[in-house]
Structures are given as C-alpha cells and as structure tokens.
Amino acid sequence: MFKSIMKFIYHFASPKYFYRLSGKLIPWFGWLTAILLIAGSIDGLFIAPVDYQQGDSYRIIFVHVPAAWMSMFIYMVMATSGAIGLIWKIKLADVIASSSAPIGAAFTFLALVTGSIWGKPMWGAWWVWDARLTAELILLFLYLGFMALEAAIEDPRAAARACAILAIVGVINIPIIHYSVEWWNTLHQGATVTKFDKPSIHISMLIPLLLMALGFKLYYVTVVLVRARNKVLYTDQNSGWVKELVKKESETSLV
Amino acid sequence: MPEKNEQMGLSIQQLTCERGYRELFTQLSFDLLPGEIVHIKGENGAGKTSLLRILAGLALPVSGNVYFEGYDCRHYRNEYNEQITFMGHKLGIKLELSPIENIDSYCQLGKQCTQQHIMDVLEQVGLYGFEEMYCNQLSAGQKRRVALAQLLLSQAKLWILDEPFTSLDVVGVDYFLQVIQQHVKTGGMVLLTTHQAISIEHCVIKYLQLPSGKITS
Amino acid sequence: MYNAFFSLIKRDLRIAFRHKSEILNPLFFFIIVVTLFPLGISPEKQILAQIGPGIIWVAALLAAMLSLDSLFRSDFEDGTLELMLLSEYPLSILVLAKIVVHWLITGLPIIIFSPLLGTVMFLSNDAIETLMLTLLLGTPILSLIGAIGMALVVALKRGGMLLSLLVLPLYIPVLIFSSNAVGSSMAGLSISGQLYFLSAFMLFCLTLAPIATSAALRVSLE
C-alpha cells in the first residue's frame with residue numbers, strides 16, 4: 001500500500017509529468033488570481049466601510065495582512081518541501097523550495113513596507129520597534145540567509161540539501177523568535193483575524209480581506225509553478241525529455 | 001549487520017554521478033571480491049575521486065546503489081564505516097600534533113590499538129625517531145607515511161585509496177605496494193586511483209576505465 | 001563511544017593550548033568591543049548602566065560567532081573531519097565533543113571575565129551575578145546554534161559573512177532574554193522567567209543542534 005502510494009507520488013513528482021501538468025494549470029491559476037485580486041481590491045478600497053478610529057488609512061491591511069500571512073506560509077512550504085526533498089530525494093520538492101524563497105522574501109518585504117506605511121499615520125513614525133514588524137524583519141533575514149546560502153554553494157544538489165537543513169532549523173526557531181520578540185515588546189494591536197469563531201473585525205471588512213488573502217495565495221501558486229517549471233528544465237537538462245522538447249520547440253519556431 | 005556472506009565483497013550497481021549538471025559517468029556497475037584490487041583509471045575530471053568518495057559514503061550518487069556483503073551501505077552506515085578505510089587527498093593529520101598523538105586520536109574513532117602497537121607501526125613505516133615531533137615539522141612524504149601508519153592500524157577489509165603514492169619516494173612506494181599486497185593476500189580488498197604504473201605480484205588487479213566503466217584484467 | 005567523545009575533547013583542547021591565540025583572541029575581541037561603547041556614546045554612569053547588559057551580550061554574541069571558524073575549519077582543511085564522518089560512531093556525538101570544546105575555549109573565558117566588564121559598565125552586584133548566570137546558560141546555545149551554521153558554510157571559501165547572516169537571526173531569542181534578565185535584576189525585578197526560558201532553550205538546542213550539525217556536515221563534505 002505504502003509502496004504504491006510512493007510510486008504514485010514519484011510519478012506525479014517526476015519532472016516530465018510536472019512540466020506538462022503545470023503548463024496546463026498555470027493559466028487557470030493565473031486568471032483566478034487576477035479575478036480574486038481585482039474583486040478584493042475593489043471591495044477593500046471602495047465598498048468596505050470606513051474604520052471609525054483609523055479612517056481610510058486602515059485599508060492598507062488588505063495588502064499588509066495577507067502579505068504577512070504569506071510570508072509565514074511560504075517559509076513553512078519551503079521547510080516542508082525541503083524536508084521532503086531531503087528524506088525522499090524528490091527533486092521536485094527541492095525545486096519548489098528554492099523557487100519559493102524569492103517570492104517569500106518579496107512578500108515579507110511587502111509586509112514590512114506596507115506595515116511601516118500603515119504605521120506612519122498610526123504612530124507618527126515610519127518605523128516603530130513593534131513586535132510584529134520586528135519579527136517580520138527577522139523573517140526577512142532568514143529568507144535572505146536561505147537565498148545567500150543557495151547562491152554560495154556551487155553544486156545545485158548540495159545547495160538544495162544545505163538549504164533544506166537551514167529552512168528546517170529556521171522553521172523550528174521561528175516560533176521561538178516570535179515568542180521572544182512578542183514578549184520583548186507588545187505594542188501592536190492584538191491578533192484580530194485568527195480568532196475565526198468570534199471575529200472582532202466586521203464581516204464587511206473580513207470578506208475583502210479573505211478575498212485578497214486567497215488571491216495572494218493563488219498568486220504564489222501561479223508564480224511558484226512558473227518558476228519551478230523553468231527550473232525543472234534547467235536541472236533536467238541532461239535528460240531525454242528536455243532534449244526532445246527543445247528540439248520540438250526549435251522546429252516549430254523555425255516554421 | 002546480522003549475518004554476513006563473506007564471498008560477496010563490494011558490489012556497485014548502476015551508479016550515476018553528476019557534478020553540477022555535468023554527467024561524470026552513468027550506469028556504472030562492477031564487483032570487487034576479497035583478494036582483489038581495482039585500479040581506477042581515467043583522465044583528470046573523469047570522476048575518479050567522485051567515485052571513491054561515493055564508495056566511501058562521503059558523497060551521494062544521483063542514482064544507483066553500493067552493496068557491501070549484501071547490505072546496502074547507505075542503510076548500514078556505521079557498520080559499513082567499520083569495514084572500510086579511506087585515504088583521500090587530505091591526509092587527516094593534524095599539524096599541531098605529533099605522529100603518535102595523531103594516530104592515537106585516529107584509533108579513538110573506532111579502532112583498537114595499544115601504544116606499543118602504534119610505536120611498532122610507526123617504526124615499520126620508517127618514522128622511527130620522528131614520533132614526538134609535531135607534524136608540521138615533517139616533510140610531505142613523511143606525513144603520507146603517518147597516514148599509511150593509520151591505514152595499517154585500521155583493520156578494515158576494504159581500503160579506498162585516492163592517489164596514495166603522492167609525494168612518497170621510491171622506497172616508500174615499494175613499501176606501500178608490499179603493504180597492499182599483504183592486505184590483499186589475507187582476503188582484503190583495495191580500490192585505488194593512481195597515475196603511476198604499479199605492479200603487484202601474485203594479485204588479481206582489475207582495471208576500471210572511467211568514464212566508460214569498462215573493466216579489463 | 002564515550003571514549004571517542006572524551007578523547008576528541010582532549011585532542012582539541014591540546015591543539016587549542018598549542019595555539020593560544022585561539023583562546024585569547026575571542027576574549028580580547030569581547031573586551032575591546034565593550035570598551036568601544038563608552039568611548040562612542042558617553043562615560044556617564046547612568047547611561048552605561050542602562051545599555052551595559054545589552055552591549056556586553058551583543059559583544060559576547062559577536063565573539064562567539066567570529067570564533068566559530070575554529071570549530072570545523074581546520075579539521076575540514078586537513079581532512080580529519082572526513083575521518084570523523086567515516087567513524088563507526090554516530091557523528092552527532094563527535095560533533096557534540098567539538099561543540100563542548102568550542103564552548104570551553106570561547107564561552108568559558110568570556111564568563112570568567114564578564115564581572116570585570118560588568119564593573120566597568122557600572123552594573124550592580126546582583127546584575128553582574130545575573131550576567132554570569134545568563135552567560136553560563138546562553139553561551140552554550142551560541143556554540144550549539146553556531147555549529148549548525150558553521151557546518152553549512154565550512155566548505156565555502158568566503159563563508160564568514162554568510163555565516164553571520166545565517167546565525168545571527170537565530171541568536172536573537174538568547175540576546176533578548178539574557179540582556180533583559182540582566183536589566184531586570186538591575187531594577188530589582190524577578191528574573192526566574194528569563195532563566196527558565198534560557199535553560200529550556202539550551203536543553204532544546206543541546207538535543208537537536210548536534211543532529212542538524214552532523215546532517216549539515218555530511219552535505220558540506222560531499
């Protein structure tokens with residue numbers, strides 16, 4: 001039973017199959033992302049009511065909060081797929097981990113920038129050493145470390161395995177870092193949306209927030225598929241199917 | 001390892017190795033039985049060192065397996081390490097320590113040897129009178145001899161030697177060849193790379209050509 | 001196995017004592033960095049007493065990080081690290097021995113000299129006591145986590161900068177809790193919470209870091 005499951009996974013994760021499948025999926029995810037982001041933006045920027053304390057400036061949370069969620073989520077994905085690559089030697093998992101890193105770093109950066117823009121009217125300063133912003137900054141350092149390590153190791157397979165170890169160590173440390181930073185400073189508003197049973201934010205604000213969050217997630221999926229697809233071609237350049245593909249492509253482009 | 005089949009030796013199956021995205025060799029298979037020497041030949045960059053490092057368990061192949069006495073080496077790493085000894089380009093000698101201290105700390109990694117034993121072996125390899133000096137005062141050839149002394153004490157069945165004769169003088173090479181011959185005669189196995197032509201009497205030597213993987217006797 | 005563990009400790013200590021600079025340089029670095037702050041900020045007692053705990057801890061952090069090179073670099077270059085990998089004993093035990101030695105030659109001198117620095121930064125006696133206690137709990141964590149980072153970059157020619165990028169973010173919890181504990185004891189507050197955290201974190205690292213380090217070494221030496 002276990003063996004047949006593994007066999008199925010190996011088949012599904014084979015670069016050739018992945019290349020074909022992702023080629024079919026990318027347009028779907030891409031359009032869905034566009035629809036969700038447009039709907040979420042319109043709802044968030046124009047339809048959702050004005051906050052009685054913060055006025056219109058609160059509307060940046062429709063970018064800030066999903067970006068912050070994504071920054072954590074993508075690090076988890078990196079660590080998980082890194083571990084899968086390390087344990088079961090599935091090449092595709094390594095590819096996913098390494099193509100996720102810059103996207104995650106970008107989301108973290110976005111969360112930091114939007115956080116500080118949001119902070120300007122709230123705190124009167126571009127930067128405040130608030131717990132969540134600081135934790136986000138440290139997360140950015142973790143991403144940069146991952147990318148720097150990957151760039152420094154020449155052999156791609158060794159780089160993938162080293163980065164997987166780093167990501168796992170990082171993911172174990174993230175809760176500890178978060179806890180200590182939170183403990184160090186609790187200035188920020190409490191977590192408002194994670195309590196789904198009794199949301200303290202109004203439903204008319206929650207809907208655009210969730211729309212944007214889903215849009216961001218699908219955006220990530222789309223981009224990671226595109227990046228992984230390119231990377232798979234590169235890492236598998238010696239295998240028959242890539243050579244065949246290149247031959248076919250060059251033939252059609254000649255015609 | 002629970003049970004052993006003494007006859008099986010080392011078996012390499014369908015080994016493929018890449019460096020970066022460049023393929024070094026593919027689908028390499030061969031066997032090494034007790035009492036045999038495999039001399040790996042090939043040009044620079046053919047993958048000789050990579051192959052030896054894979055066989056020593058230091059590097060991972062892209063695909064393929066290495067079996068020792070019927071067991072997959074990757075799953076029985078500690079047991080496999082007991083059976084092999086590896087001499088690479090780097091000798092594994094601390095320059096701040098004397099030959100005795102070096103060999104002693106080598107032995108502590110899992111070999112049994114007494115102080116007397118160490119002294120005997122040092123004398124055998126021609127380091128009598130140098131035992132107490134720090135290794136940074138020894139010549140390259142003498143350092144190689146310290147590594148040779150470690151090899152003699154290792155009690156391993158399979159010796160994996162990467163360019164073992166580098167910087168040894170003629171006498172040293174001759175002595176090393178005798179040591180190898182002695183080891184093979186008593187049922188040991190040797191895998192080695194060298195650019196020197198070597199002749200060892202009364203021994204089965206197979207030649208493995210890389211990257212083709214062709215075996216000749 | 002215990003034999004291998006202790007003989008490796010003995011060997012590395014012997015080498016360290018033949019290269020005394022390996023012990024002295026991190027210590028001098030630690031002292032010099034702390035000295036820079038009064039010169040750069042102000043010699044005023046009140047200011048120094050306030051920023052002293054943080055400064056001493058940051059200096060300890062940097063000293064521990066910069067000395068990580070001695071952990072695996074020379075073993076990597078002369079090939080003894082390969083022999084360790086090929087030992088029939090679990091690599092994590094051998095790695096732990098190396099970490100213990102690193103702590104003995106860098107962490108311990110820092111702890112011994114910390115009262116001196118606490119005094120020049122005008123810390124109270126209670127705070128100096130806490131400083132030593134937090135260093136005792138915290139510097140092993142620095143060696144343990146640092147070993148993972150060092151193992152990842154040991155084979156790289158210019159790994160120094162990269163190492164700081166990898167390791168410093170992971171040092172942050174130690175910095176936060178330790179310097180806060182020293183500051184709290186200056187103010188006469190309870191510090192048991194911080195000490196519990198540091199102890200727990202140290203035990204946590206002690207169990208997991210050697211495993212991660214040996215996995216990283218195997219990748220690096222490939």
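Protein chains get the first letters and strands the later ones, always in sequence-line order, with residue 1 at the start of each.
Using a 4.5 Å cut-off between heavy atoms, B/Leu58 contacts chain C through both its backbone and its side chain. In this structure, chain C has no heavy atom under 4.5 Å from any part of B/Ile54. Residue C/Phe17 does not touch chain B at all, counting heavy-atom pairs closer than 4.5 Å.
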Which donor-acceptor pairs sit under 3.5 Å apart between chain C and chain B?
unit_1   : atom_1 : unit_2   : atom_2 : d
C/Arg14  : NH1    : B/Glu101 : OE2    : 3.3
C/Arg18  : NE     : B/Tyr134 : OH     : 3.1
C/Arg18  : NH1    : B/Glu96  : O      : 2.8
C/Arg18  : NH1    : B/Glu101 : OE1    : 3.0
C/Arg18  : NH2    : B/Glu101 : OE2    : 3.0
C/His19  : NE2    : B/Glu96  : OE2    : 3.0
C/Ser74  : OG     : B/Lys94  : NZ     : 3.1
C/Asp75  : OD1    : B/Lys94  : NZ     : 2.3
C/Phe76  : O      : B/Lys90  : NZ     : 3.2
C/Asp78  : O      : B/Gly92  : N      : 2.7
C/Asp78  : OD2    : B/Lys94  : NZ     : 3.1
C/Glu82  : OE2    : B/Arg53  : NH1    : 2.8
C/Glu82  : OE2    : B/Arg53  : NH2    : 3.4
C/Leu85  : O      : B/Asn81  : ND2    : 3.4
C/Ser87  : O      : B/Asn81  : ND2    : 3.0
C/Ser87  : OG     : B/Leu109 : O      : 3.0
C/Leu221 : O      : B/Arg53  : NH2    : 2.6

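Looking at heavy atoms from C-beta onward, B/Leu109 lies in side-chain contact with C/Leu94 at the 4.5 angstrom threshold.
For C/Phe29, the CZ atom sits in a packed shell: over 12 heavy atoms of surrounding residues, nucleotides or ligands are nearer than 6.0 Å.
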